Protein chains: 2
Amino acid sequence: MTSVNSLTVDELGSAAQRDRRKRILDATIALASKGGFDAVQMRAVAERADVALGTLYRYFPSKIHLLVSALAREFERAEATLRDKPIPGDNAADRVIFVLKKTTRGMQGDPHLTEALTRAFMFADKSVQSEIHIVGMLLTTMLTRAMHPGQTELTDDDVAIAKVLGDVWLSALVGWVTGRSSAEEVGQQIEVAVRLLLR
Amino acid sequence: MTSVNSLTVDELGSAAQRDRRKRILDATIALASKGGFDAVQMRAVAERADVALGTLYRYFPSKIHLLVSALAREFERAEATLRDKPIPGDNAADRVIFVLKKTTRGMQGDPHLTEALTRAFMFADKSVQSEIHIVGMLLTTMLTRAMHPGQTELTDDDVAIAKVLGDVWLSALVGWVTGRSSAEEVGQQIEVAVRLLLR
DNA sequence: GACATAATAGGAACACGTTTCACTTTGTCC
DNA sequence: GGACAAAGTGAAACGTGTTCCTATTATGTC
């Protein structure tokens with residue numbers, strides 16, 4: 001529980017450790033935002049965060065862990081923001097579309113960052129399992145909440161639909177990152193999937 | 001059109017070039033099958049294919065290009081096999097499930113190869129666009145044919161459904177590769193998505 | 001068949017993720 | 001406040017993807 005490289009923000013550890021962790025993730029986001037996946041070089045992250053390379057690796061055992069952890073932090077922020085205000089829309093489909101498009105728009109506003117985080121997420125292997133799982137849960141939570149605001153009991157179908165929508169959204173994002181589809185096409189893909197699943 | 005590192009099998013080029021290309025892809029598959037993504041080392045591929053490192057890079061400009069091209073060749077084979085015999089199943093849902101599960105089973109029979117090819121596909125960036133596109137088209141074609149055998153005219157909804165199913169399948173595969181879900185769960189995810197979409 | 005051109009071989013060199021190690025600083029417990 | 005362990009520093013070194021260069025070998029043209 002005192003593990004330093006755990007993911008949740010409210011983790012134990014000294015103030016200095018929390019500060020280092022924050023500086024590292026800030027540096028990661030800044031570099032990713034400027035030049036994408038390739039620009040997030042471990043030596044550069046360490047220098048910008050003002051820690052030694054060895055310290056960086058003590059906090060995050062690999063570049064992929066680092067980027068997926070940064071993604072998890074961004075998702076936690078987005079989820080927290082979304083949790084406060086009610087989601088506009090008269091039905092589940094509209095609310096889900098609102099959430100997904102808003103998130104997508106946010107990511108497309110910073111293409112390099114999105115490229116870095118998406119590719120890291122998709123490239124991860126078994127060793128990043130727990131970090132990946134956190135992101136997956138946050139995504140499912142966001143979607144089920146959009147489908148049924150304020151509802152705690154969910155049917156199996158609800159969860160299944162949320163997972164399928166999450167899959168579609170991730171695949172669409174990968175398509176956008178790889179230049180196969182435009183921003184509008186990503187929006188369309190999501191709308192189509194929502195329409196097919198939540199009619 | 002005479003470009004050596006194009007993807008289609010029936011490409012132009014001398015017999016020697018076709019032979020080299022085949023040897024390289026064979027070596028790639030063999031190494032991937034034995035040790036996964038990490039085992040596909042460019043020096044090892046070159047040595048096993050009996051070509052110089054520079055030649056390997058002339059044919060495939062990066063490790064990702066190489067692996068995605070190998071994936072495309074495997075997909076072309078699978079698609080060709082599937083094209084011949086009729087797909088069992090009384091309705092679209094059953095036939096799609098048959099195709100996806102058969103393909104999934106094939107991939108899970110060679111976990112290392114699947115890991116290598118899936119991770120390469122997901123890690124690809126814009127420079128691999130055309131190779132990635134070929135794989136995507138093959139997947140969509142396989143699925144629409146399973147939905148409507150022998151039918152050339154397809155509605156927009158058919159294509160949209162096929163794309164969503166392809167997305168779910170890819171995401172499920174990534175989940176399996178990252179150790180988040182078991183083989184059975186992959187099968188279940190697919191069944192659920194098909195049931196939701198093709199009811 | 002001789003020549004021009006392209007393709008290949010062989011290998012050095014470079015970049016960046018990762019590991020390692022000797023040393024120093026920081027934090028904790030008595 | 002001293003001793004000890006944990007954490008951090010700084011730098012070297014290693015592995016593998018990628019690039020580059022020169023000599024050699026095929027290939028196609030007249």
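Note on naming: letters A, B, ... go to the chains in the order of the sequence lines (proteins, then strands), and numbering restarts at 1 for each one. What you see is a predicted model; the values in this text were computed from it and never measured.
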Tell me which one of B:Ile134, B:Leu139, B:Leu117 satisfies side-chain contact (heavy atoms from CB on, under 4.5 Å) with B:Phe75. B:Leu139
Starting at CG of B:Leu56 and ending at C1' of C:dA7, how long is that distance when rounded to a whole Å? 14 Å
To the nearest angstrom, the CZ-C1' distance between B:Arg21 and C:dT8 comes to 18 Å
Rounded to whole Å, please give me the gap between CZ in B:Arg58 and P in D:dC20. 14 Å
Measure CD/A:Gln41 against C1'/D:dG17 and give the value in whole Å, please. 14 Å
Between B:Thr178 and A:Ala124 (side chain of the first, backbone of the second, donor and acceptor by atom type, cut-off under 3.5 Å), is there such a pair? no
Where the side chain of A:Lys63 is defined as all heavy atoms beyond and including C-beta, which of C:dT18, D:dT18, D:dG8 is the nearest nucleotide? C:dT18
When you measure from the side chain of A:His112 to the backbone N and O of A:Lys34, does any donor-acceptor pair fall under 3.5 Å? yes
What is the distance from CG of B:Leu53 to C1' of D:dT18, rounded to the nearest Å? 8 Å
Closer to the 5' end of DNA chain C via nearest nucleotide, is it A:Ile64 or B:Arg23? B:Arg23
Interatomic distance, A:His65 NE2 vs C:dT19 P [rounded to whole Å]: 11 Å
Gap between atoms CZ and P, on B:Phe123 and D:dG17 respectively (whole Å): 12 Å
Does D:dA7 have OP1 or OP2 under 4.0 Å away from a side-chain N or O of A:Thr55? no
If you assign A:Gly54 and B:Met42 each to the DNA chain D nucleotide with the nearest heavy atom, which residue ends up on the more 5' nucleotide? A:Gly54
Six-ring centre of A:Phe37, A:Lys63 cation under 6.0 angstrom, axis tolerance 45°: yes
Whole angstrom value for the distance that separates P of D:dA7 from CZ of A:Arg18: 15 Å
As a test of understanding, state which of A:Val194, A:Val164, A:Leu165, A:Leu138 forms a side-chain contact (heavy atoms from CB on, under 4.5 Å) with A:Leu143. A:Leu165
Under 4.0 Å between a side-chain N or O of B:Tyr59 and OP1 or OP2 of C:dA7? no
Sugar-phosphate, base or nothing in reach of B:Val40, heavy atoms under 4.0 Å: sugar-phosphate
Ignoring the backbone of B:Tyr57, work out which of D:dG17, D:dA12, D:dA7 is nearest its side chain. D:dG17
Where each residue is assigned the nucleotide of DNA chain C containing its nearest heavy atom, which of A:Ala16 and B:Ala16 is assigned the position nearer the 5′ end? B:Ala16
side-chain N/O B:Arg43 vs D:dT16 OP1/OP2, d < 4.0 Å: no
Selection from D:dT18, C:dA9, D:dT9 that lies nearest to any side-chain heavy atom of B:Arg20: C:dA9
